[in-house]
Amino acid sequence: MTALGFLYPGHFAEDDYPRTEQLLGSDIRVDLVHTDPGEDTHRVDALHEMGAPERLAQGVEGLRLTGAEAVVWACAGGSFVRGRRGAHEQVRELARAAGMPASSTSFGFVHAAAEIGARRVALAAAYPEDVTALFVDFLRAGNIEVAAARSAGTVTAAEVATWGEAEVLALAREADVPEAEAVLLPDTALHTVAHIPALEKDLGKPVLTGNQVSVWEALRLTDRRVNAPALGALFTREPIVQV
């Protein structure tokens with residue numbers, strides 16, 4: 001049994017995680033601890049505060065009790081707004097507090113893009129343009145070229161959490177360009193796990209989403225690779241454990 005731990009801010013699209021656990025197979029457990037998101041708004045200052053060390057520390061003890069082997073801060077905006085150096089420091093502090101390997105959704109995107117060989121991507125973000133621009137900078141610092149970026153301009157995570165497949169697909173289509181090797185949807189408040197097969201079929205290329213990438217990053221930290229095609233091209237890489 002491999003136990004994966006996640007710190008997830010608030011209550012928005014957390015049902016993506018038990019869905020993912022079902023698709024991964026019986027020897028992987030996904031444990032979610034909710035952190036206080038603070039003010040629900042896609043402003044840079046609020047996102048910075050959402051990922052403050054004291055907020056993350058509040059969830060660490062709960063994860064220890066689950067027996068988690070690694071922890072991921074399952075929030076893209078609450079990490080990349082700090083810049084690459086600040087996001088590194090954030091996960092270093094989280095690892096020290098938790099006593100286990102740690103990462104975040106933002107770094108998960110960089111590692112996942114490398115895993116599928118995508119050096120040029122399209123970014124389909126629910127955020128306002130200024131927040132999206134910070135993620136573009138973060139990706140470029142990780143040697144990922146952003147060929148195109150689309151900002152939906154939503155104000156809150158609660159709004160994003162109401163979106164269904166039609167809205168998610170429309171955003172991805174608007175962002176996609178022929179030269180992009182993958183399409184990224186970073187917001188972990190967006191329900192995406194159930195829609196990944198449809199997204200990849202429609203776009204004809206790999207799709208990386210916030211909650212999908214968060215789980216993959218936790219598996220990477222525990223040195224696990226799982227073949228689960230229903231979770232997209234990211235979960236069909238070698239070496240694999242067939243489910």
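This structure is a prediction, so every number in the text was calculated from the model and none was measured. Residue numbers count from 1 along this sequence.
Counting all heavy atoms, side chain and backbone alike, Gly62 lies closest to Val33 at C-CG2, 4.1 Å. Ala147 and Val177 make their closest contact through CB-CG2, 3.9 Å (heavy atoms, listed as atom of the first residue, atom of the second, distance). Nearest heavy atom pair, residue Val110 against residue Gly142, reads CG1-O, 4.0 Å. Of all heavy-atom pairs between Ala152 and Trp163, the closest is CB-CH2, 3.7 Å. Shortest non-hydrogen contact noted between Val146 and Arg140 is O-NH2, 3.6 Å. Across every non-hydrogen atom of Ser79 and Ala87, the tightest pair is O-CB, 3.7 Å.
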Side chain to side chain contact (heavy atoms under 4.5 Å, CB included) between Ile28 and Arg224, worked out: CA-CA 10 Å; Ile28 294 173; Arg224 289 292 306 269; 3.9 Å; yes

Verdict with reasoning, Phe12 to His191, per ring pair (Phe, Tyr, Trp, His ring centres under 6.0 Å): CA-CA 8 Å; Phe12 301 107; His191 290 88; 9.6 Å; no

Intermediate values then yes/no, side chain to side chain contact (heavy atoms under 4.5 Å, CB included), Leu234 and Glu200: CA-CA 11 Å; Leu234 178 61; Glu200 293 192 336; over 6 Å; no

Worked check of side chain to side chain donor-acceptor pair (under 3.5 Å) between Thr105 and Ser214: CA-CA 5 Å; Thr105 303; Ser214 298; 2.6 Å; yes

Chi angles and distances behind the salt bridge (Lys or Arg N to Asp or Glu O under 4.0 Å) call for Glu89, Arg96: CA-CA 11 Å; Glu89 181 58 30; Arg96 285 196 294 266; 3.4 Å; yes

Side chain to side chain contact (heavy atoms under 4.5 Å, CB included) between Leu47 and Val131, worked out: CA-CA 9 Å; Leu47 290 168; Val131 176; 3.8 Å; yes

Thr20/Asn211 under side chain to side chain contact (heavy atoms under 4.5 Å, CB included): CA gap, chis, key distance, verdict: CA-CA 9 Å; Thr20 301; Asn211 294 322; 5.8 Å; no

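Ser151 OG to Asp130 CG: the interatomic distance, rounded to the nearest 0.5 Å, is 8.5 Å. Interatomic distance, Arg173 CZ to Leu199 CG, rounded to the nearest 0.5 Å: 9.0 Å. Here OG1 of Thr66 is found 10.5 Å from CZ of Phe6. Values are rounded to the nearest 0.5 Å. Between the CG atom in Leu171 and the CG atom in Leu190 there is a gap of 7.5 Å [rounded to 0.5 Å]. With rounding to the nearest 0.5 angstrom, the CD1 atom of Ile144 is 5.0 Å from the CG atom of Leu139. The distance from atom CG of Leu4 to atom CD of Glu217, rounded to the nearest 0.5 Å, is 11.0 Å.
A heavy-atom distance below 4.5 Å is not found between the side chains of Leu184 and Thr209. Using a 4.5 Å heavy-atom threshold, the side chains of Arg43 and Tyr127 count as separate. Taking 4.5 Å as the limit, some side-chain heavy atom of Phe138 sits within range of a side-chain heavy atom of Phe107. Side chains of Tyr17 and Glu21 form no contact here, defined as non-hydrogen atoms less than 4.5 Å apart. Residues Val72 and Leu221 meet the side-chain proximity criterion, which asks for heavy atoms closer than 4.5 Å. Residues Met50 and Cys75 meet the side-chain proximity criterion, which asks for heavy atoms closer than 4.5 Å. You'll find the side chain of Asn227 stays beyond 4.5 Å of the side chain of Phe235, heavy atoms only. Here the side chains of Val60 and Val71 are not in contact, with every heavy-atom distance at 4.5 Å or above.
Here the side chain of Gln90 pairs a donor or acceptor atom with the backbone of Gly78 at under 3.5 angstrom. Side-chain atoms of Glu181 come within 3.5 Å of backbone N or O of Arg120 as a donor-acceptor pair. Using a distance-only test at 3.5 Å, with no hydrogens or angles considered, no donor-acceptor pair links the side chain of Asp31 to the main chain of Ala68. Without hydrogens or angle criteria, Thr188 side chain to Gly210 main chain gives no donor-acceptor distance under 3.5 Å.
Other residues, nucleotides and ligands place no more than 12 heavy atoms under 6.0 Å from the CZ atom of Arg119. More than 12 heavy atoms of other residues, nucleotides or ligands sit less than 6.0 Å from atom CG of Asp137. The number of heavy-atom neighbours closer than 6.0 Å to CD of Glu129, taken from other residues, nucleotides and ligands shown, is 12 or below. Atom CZ of Arg19 has 12 or fewer neighbouring heavy atoms from other residues, nucleotides or ligands inside a 6.0 Å radius.
A salt bridge links Lys205 with Asp176: at least one charged nitrogen is closer than 4.0 Å to a carboxylate oxygen. Salt bridge status for Arg150 with Glu174: present, with a side-chain N to carboxylate O gap under 4.0 Å.
Judged by distance alone, the side chains of Arg55 and Thr35 never bring a donor and an acceptor atom under 3.5 Å apart. There is no side-chain donor-acceptor pair under 3.5 Å between Thr156 and His42. With hydrogens and angles left out, the side-chain atoms of Thr222 and Glu69 include no donor and acceptor closer than 3.5 Å.
Residue Val81 is grouped with residue Val91 when hydrophobic side chains (ILVMFWY) are merged at heavy-atom distances under 4.5 angstrom, including chains of intermediate members. In the hydrophobic clustering of this structure, Leu24 groups with Val193; members are Ile, Leu, Val, Met, Phe, Trp, Tyr whose side-chain heavy atoms approach within less than 4.5 Å, directly or through other members. When the side chains of ILVMFWY residues are joined at heavy-atom separations under 4.5 Å, either directly or via intervening members, Leu32 and Leu231 end up in a single hydrophobic cluster. Connection of Phe80 to Leu208 is established within a shared hydrophobic cluster, with ILVMFWY side chains joined at heavy-atom distances below 4.5 Å, either directly or through further cluster members. Tracing side-chain contacts under 4.5 Å through hydrophobic residues (I, L, V, M, F, W, Y), one reaches Phe109 starting from Leu94; they form part of the same cluster.
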